[in-house]
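Throughout, a chain's letter reflects where its sequence line sits, starting with A, and its residues are numbered from 1.
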Amino acid sequence: MDASPASESRSEMERMVPYDPDQIEPKWQERWEAEGRYRAGGPEDPRPKFYALDMFSYPSGDLHMGHAEAFAIGDVLARYRWMQGYNVLHPIGWDSFGLPAENAAIKRGIHPREWTYANIEQQAASFRQYGMSFDWTRRLHTSDPEYYRWTQWLFLKLFEMGLAYRKNAPTNWCPTDATVLANEQVINGLCERCDTPVVRKDLTQWFFKITDYAERLLDDMAPLEGAWPERVLTMQRNWIGRSEGSEVTFEIAETGEAMTVFTTRPDTLWGVTFFVLAPEHPQVLALASIGGVQDEVQTILDRLQATPLTNREQAESREGVRLGVHAVNPVNGEKVPVFVAPYVLMEYGTGAVMGVPGHDQRDFEFARAQGLEVRVVIEPEGSEGVDPATMTEAFPHQGVMVRSGPFDGVESPASIQAVIEWLEAEGKGRRAISYRLRDWLISRQRYWGAPIPIIHCPEHGEVAVPEEDLPVKLPHNVDFSPQGASPLATVEEFVQASCPMCGADARRETDTMDTFVDSSWYFLRYLSPDDGTRAFDPVEVERWMPVDQYTGGVEHAILHLLYSRFVTKALYDAGMLSFTEPFLRLQNQGQVIMQGAAMSKSRGNLVEFAEERAKYGADVVRVTMLFASPPEDDVDWATVSAEGTRSWLGRVWRAVHQAAETSGELSEDLRRFTHRTISRVTEDFDRFKYNTAIARLMELTTEIRHALDAGGPAREAAEKLVLMLAPLAPFLAEELWREALGNEESVHVQSWPEFDEGLAAQQRVNLIVQVDGKVRDRIEVSPDIAEDDAVALATASENVQRHLEGREIVRVIARPPKLVNFVTR
RNA sequence: GCGAGAGUGGCGGAACGGUAGACGCGCCGGCCUUAGGAGCCGGUGCCCGCAAGGGCGUGGGGGUUCGACUCCCCCCUCUCGCACCA
């Protein structure tokens with residue numbers, strides 16, 4: 001290779017200022033801000049709208065590389081849509097209520113508010129340094145009274161609709177910290193903070209009736225198919241856990257009271273040999289007294305009471321207490337013994353099950369442990385009978401009904417339907433659907449959250465705080481160290497209230513709301529963040545919603561996304577929204593891990609965004625993240641090369657500067673390559689495949705380099721390169737666009753480059769010639785080569801001739817211009 | 001156990017059923033340099049061969065096809081969710 005290109009670029013380099021992010025990034029950040037560059041257009045804006053939403057940040061500290069990944073992906077899309085001519089709304093806010101603020105405050109002796117807002121400021125500064133195209137005028141924090149006022153309004157709305165209610169429920173309780181813990185805060189049965197074994201405690205709690213929406217939450221997933229990641233939809237489906245079956249009513253022989261069970265297999269009713277109640281079932285103690293076994297039952301209850309909800313070992317045992325009463329099987333009048341056993345859960349179905357040991361593994365194990373009869377009433381088709389005495393496990397599959405009275409010989413699955421219809425006709429049961437989904441427990445005995453706007457009146461019970469009295473403000477000076485009750489209960493002036501209905505002395509609710517309530521509607525608040533008269537402006541909501549693209553981590557696959565969907569449907573039912581699904585498309589980005597492990601402070605492998613940014617610059621961090629893998633895959637920061645990215649952006653820097661000095665028509669080759677690149681990069685952007693888009697841009701950079709080294713013009717190609725680089729490396733692109741290429745206007749208001757189909761098409765392609773499927777030659781041909789010509793060329797190939805020697809061609813597969821395959825014998 | 005997804009060079013990763021490994025990291029060689037951890041040019045799946053060329057290669061085994069990383073069946077491994085859901 002000739003040495004002169006190298007020396008040429010060397011002299012260029014000596015004249016040229018080197019690529020230095022520190023010199024360009026702060027400058028543009030300030031100017032964009034001053035120009036209001038990313039403010040969404042108002043109602044008069046004629047462009048089509050695009051609502052690009054990123055899952056907002058929890059202010060637990062400064063940004064780390066996980067944020068860098070997630071927000072880079074969201075930002076590239078927003079910038080790309082701007083360039084495509086959309087009016088883009090790309091807001092940012094903070095999910096700023098929550099337990100970590102309290103924990104940090106307790107640990108450091110500062111107020112949660114101080115800690116929270118200091119972190120927010122730090123994150124906001126980092127976002128700016130990162131080049132995020134946020135509309136800062138819409139910024140919100142869920143812990144601001146101006147925001148949580150409307151979270152309280154939402155609560156009242158649901159309360160009014162009968163969707164918010166209070167009931168007694170078991171919770172996780174840490175005896176040392178004297179507080180309730182979320183399930184996530186119980187690690188292996190221990191309190192995450194003090195390692196004390198967690199126990200169960202029944203408390204009266206507020207719930208949202210999300211179970212009323214189970215069916216719709218399921219049905220409305222249909223249009224999300226293909227637009228949301230499949231696994232998120234699957235997780236939501238599993239979480240809702242719909243089971244079809246029937247309810248069947250048994251009768252307690254000794255008392256005559258009805259006892260209903262839910263079963264998905266009513267075709268096994270003739271195999272019932274016992275009946276089991278959950279220990280917490282409300283009838284248990286009364287029934288136990290009949291058989292005189294209250295003490296045994298109480299022992300189980302006490303032990304359960306001391307067992308954390310998350311500890312399942314307890315329930316895996318097959319212990320149980322015979323209550324001494326009997327249940328009458330409605331299908332055959334048989335009396336079977338009633339037990340109480342911890343393997344039956346109060347939370348699912350009716351808290352009572354019919355015991356069918358022949359066809360349910362848990363029932364089978366229980367029967368063996370308790371010495372109960374196992375009866376086979378379903379047999380595999382064509383089997384000559386199963387002996388219960390020698391069974392080692394239940395037969396839970398479908399089959400033919402036997403020993404089932406009128407249903408003998410009926411096969412499943414039709415048998416299930418037949419039995420249900422028969423039960424309904426006989427008045428012994430009915431078709432039923434059971435869900436795994438429970439109501440959403442939203443009360444927290446915590447300080448740093450939105451107070452629940454309810455007043456407890458001795459006369460009128462739970463009374464809504466009148467809307468005009470909102471917000472119910474969080475008092476500032478509160479001892480928020482864990483006491484057992486909500487810290488707000490210790491603030492007498494907060495608690496004291498008068499009943500809005502009768503004016504009598506009353507007490508304010510002291511629980512605060514789960515932070516998932518805050519985040520279940522924030523995407524609506526962005527649309528009119530300063531409206532002091534209502535939660536959201538319906539006109540703006542009509543204009544912007546639903547969200548066109550939602551970007552965030554899979555960790556919210558269930559909770560946040562399910563809650564937001566629920567709240568949207570509830571507001572639709574309230575007549576306040578015209579749509580029932582908030583997010584049209586969902587994009588999950590992968591996690592950023594470090595040396596094969598999830599990043600965490602405790603593991604000591606947390607990579608701070610600020611450090612990487614200081615080392616490489618924002619553009620390099622962005623591009624490195626995006627180039628490492630497709631957005632949905634995990635990225636191990638230890639295995640990616642920011643150095644490689646920096647060196648590429650340096651090449652871009654030099655090539656564009658040098659190309660800017662050239663003028664005139666591009667060479668045919670470079671022009672075609674440029675158009676081809678635009679075509680492919682556009683396609684990659686549309687598929688969110690930023691990694692391959694960057695690879696294409698790297699190739700274009702190399703082509704420009706070659707053209708320059710050959711002394712040819714490259715300016716036009718460099719311009720296109722910079723335009724396509726703009727969403728990915730916004731600072732560098734802006735600097736090159738305005739300074740090196742000398743444009744007046746920002747690169748970020750330019751249109752995405754167009755390409756000419758004809759030019760983008762390849763003018764020479766490789767014709768693959770195969771003999772029996774093995775590649776024997778590659779011939780460069782025109783893309784519009786005729787089949788005959790292709791076969792002729794292929795036949796003429798020397799190497800192909802060698803392989804055809806002595807063989808008979810039985811078939812020729814020709815797919816011009818790509819392939820000719822000779823099939824021989 | 002159930003459900004979902006994934007297994008491709010030393011590494012991150014590319015490949016409408018049609019050139020496997022684009023692009024990058026790393027490594028090797030060259031150029032330029034007083035020097036270079038800068039830049040530029042080239043090479044780089046494994047094996048045989050000076051080369052031309054050939055053989056083998058996408059977790060394993062079958063199948064469909066002229067042709068399979070890609071589609072179908074069975075198996076193995078890994079990751080992630082859920083997990084006594086009656």
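Taking the P atom of each, B:rC50 and B:rC69 are spaced 31 Å apart, rounded to whole Å. A distance of about 13 Å separates the P atoms of B:rG29 and B:rG37, rounded to the whole Å. For B:rU79 and B:rU44, the C1' atoms lie 31 Å apart once the distance is rounded to whole Å. To the nearest whole angstrom, the two C1' atoms, one in B:rU65 and one in B:rG18, are 12 Å apart. Comparing the P positions of B:rA20 and B:rG26 gives a spacing of 28 Å, expressed to the nearest Å. Look at the C1' atom in both B:rG67 and B:rG59: the space between them is 23 Å, to the nearest Å. The C1' atoms of B:rC25 and B:rA14 are separated by 15 Å, rounded to the nearest whole Å. Rounded to whole Å, the P atom of B:rG3 lies 35 Å from the corresponding atom of B:rG10.
Within the nucleic acid shown, A:Asn799 comes within 4.0 Å of sugar-phosphate atoms alone, with no base atom in reach, counting heavy atoms only. As judged by a 4.0 angstrom heavy-atom cut-off over every strand, A:Glu230 is placed among residues making no nucleic acid contact. No engagement by A:Gly241 is indicated, since no non-hydrogen atom pair under 4.0 Å with the nucleic acid exists. Base contact: A:Val344 has a heavy atom under 4.0 Å from a base atom. Here A:His706 lies in heavy-atom contact (under 4.0 Å) with sugar-phosphate atoms only.
A salt bridge does not link A:Glu703 to A:Arg705: none of the charged side-chain nitrogens sits closer than 4.0 Å to a carboxylate oxygen. A salt bridge links A:Arg696 and A:Glu699; the closest N-O separation between the charged side-chain nitrogens and carboxylate oxygens is under 4.0 Å.
Figure legend. B:rG7 is base-paired to B:rC76; pairs are counted as Watson-Crick or G-U wobble with both atom distances under 3.5 Å. Checking B:rA68 for Watson-Crick or G-U wobble geometry (two distances, each under 3.5 Å) identifies no partner in any strand. The pairing partner recorded for B:rG17 is none, the criterion being a Watson-Crick or G-U wobble arrangement whose two distances lie under 3.5 angstrom. With a 3.5 Å ceiling on both atom-pair distances, B:rC50 lacks any Watson-Crick or G-U wobble partner. Searching all strands for a Watson-Crick or G-U wobble partner of B:rC32 with both distances below 3.5 Å returns nothing. When both distances must be under 3.5 Å, the Watson-Crick or G-U wobble mate of B:rC82 is B:rG1. Using N1 to N3 plus N6-O4 or O6-N4 for Watson-Crick, or N1-O2 and O6-N3 for G-U wobble, each under 3.5 Å, B:rG26 pairs with B:rU44.
Distances were taken from every side-chain heavy atom of A:Leu345 (C-beta onward) to each of B:rG18, B:rA86, B:rG3; the shortest belongs to B:rA86. Relative to the side chain of A:Thr639, the nucleotides B:rA4, B:rC11, B:rG54 differ in distance, and B:rC11 lies closest. Distance from the side chain of A:Asp709 is smallest to B:rC40 among B:rG53, B:rC40, B:rG18. The side chain of A:Arg687 has B:rA15 as its nearest neighbour among B:rA15, B:rA14, B:rC25. Listed candidates were B:rC85, B:rC40, B:rA14. Nearest to the side chain of A:Arg654 is B:rC40. The side chain of A:Val823 has B:rC66 as its nearest neighbour among B:rC66, B:rA22, B:rU19. Here B:rG18 is the nucleotide among B:rG18, B:rA86, B:rC80 with the atom lying nearest to any side-chain atom of A:Lys818. Side-chain atoms of A:Glu699 lie closest to B:rC23 of the nucleotides B:rA86, B:rC23, B:rU19. With distances taken from any side-chain atom of A:Arg802 to the nucleotides B:rA4, B:rC66, B:rG53, the minimum falls on B:rG53. Picking from B:rA86, B:rU19, B:rA15 the nucleotide with the shortest atom distance to the side chain of A:Thr692 gives B:rA15.
Atom CZ of A:Phe395 is separated from atom P of B:rA86 by 18 Å (rounded to the nearest Å). Atom pair A:Lys689:NZ and B:rG13:C1' shows a separation of 9 Å (rounding to whole Å applied). Taking atom CH2 on A:Trp648 and atom P on B:rC40, their separation rounds to 14 Å, with Å as the unit. Atom CD of A:Gln236 is separated from atom P of B:rC80 by 21 Å (rounded to the nearest Å).
The base of B:rC66 is paired with the side chain of A:Asn821 by a donor and an acceptor separated by under 3.5 Å.
Atom CD of A:Glu757 is surrounded by 12 or fewer heavy atoms from other residues, nucleotides or ligands within 6.0 Å.
Taking the O4'-C1'-N9-C4 or O4'-C1'-N1-C2 dihedral as appropriate, B:rG9 has a value within 90° of 0 and is therefore syn.
For B:rC66, one of the phosphate oxygens OP1 or OP2 lies less than 4.0 angstrom from a side-chain nitrogen or oxygen of A:Arg811. Not one side-chain nitrogen or oxygen of A:Arg237 sits closer than 4.0 Å to the OP1 or OP2 atom of B:rA4. For B:rG54, one of the phosphate oxygens OP1 or OP2 lies less than 4.0 angstrom from a side-chain nitrogen or oxygen of A:His803. Listed pair A:Arg231 / B:rA6 fails the phosphate criterion, with no side-chain N or O lying under 4.0 Å from OP1 or OP2. Contact between the side-chain N/O atoms of A:Arg776 and the OP1/OP2 oxygens of B:rG55 is found at a separation under 4.0 Å. Considering only side-chain N and O atoms, A:Ser434 lies nowhere under 4.0 angstrom from the phosphate OP1 or OP2 of B:rA86. Listed pair A:Arg362 / B:rC85 meets the phosphate criterion, a side-chain N or O lying under 4.0 Å from OP1 or OP2. Contact check, A:Lys774 against B:rC56: a side-chain N or O comes under 4.0 Å of OP1 or OP2. Contact annotation: A:Asn691 reaches the phosphate of B:rA14 (side-chain N/O to OP1 or OP2, under 4.0 Å).
Between A:Val775 and A:Phe262, it is A:Val775 whose nearest contact on RNA chain B lies nearer the 5' terminus. Positionally, the nearest nucleotide of RNA chain B for A:Asp684 lies more toward the 5' end than for the other of A:Phe627 and A:Asp684.
The side-chain tip of A:Arg375 does not point at the ring of A:Trp270 from less than 6.0 angstrom away and within 45° of straight on. Cation-pi contact between A:Arg811 and A:Phe822: absent, since separation from the ring centre below 6.0 Å together with deviation from the ring axis within 45° is not met.
Distance alone, capped at 3.5 Å, places no donor-acceptor pair between the A:Asp777 side chain and the A:Val769 backbone.
Between A:His397 and A:Phe395, a ring centre-to-centre spacing shorter than 6.0 Å is recorded.
Side-chain contact check for A:Trp637 and A:Glu612: at least one donor-acceptor pair (N or O, by modelled atom type) lies under 3.5 Å. When only modelled atom types and interatomic distance are considered, A:Asn799 and A:Ser797 share no side-chain donor-acceptor pair under 3.5 Å.
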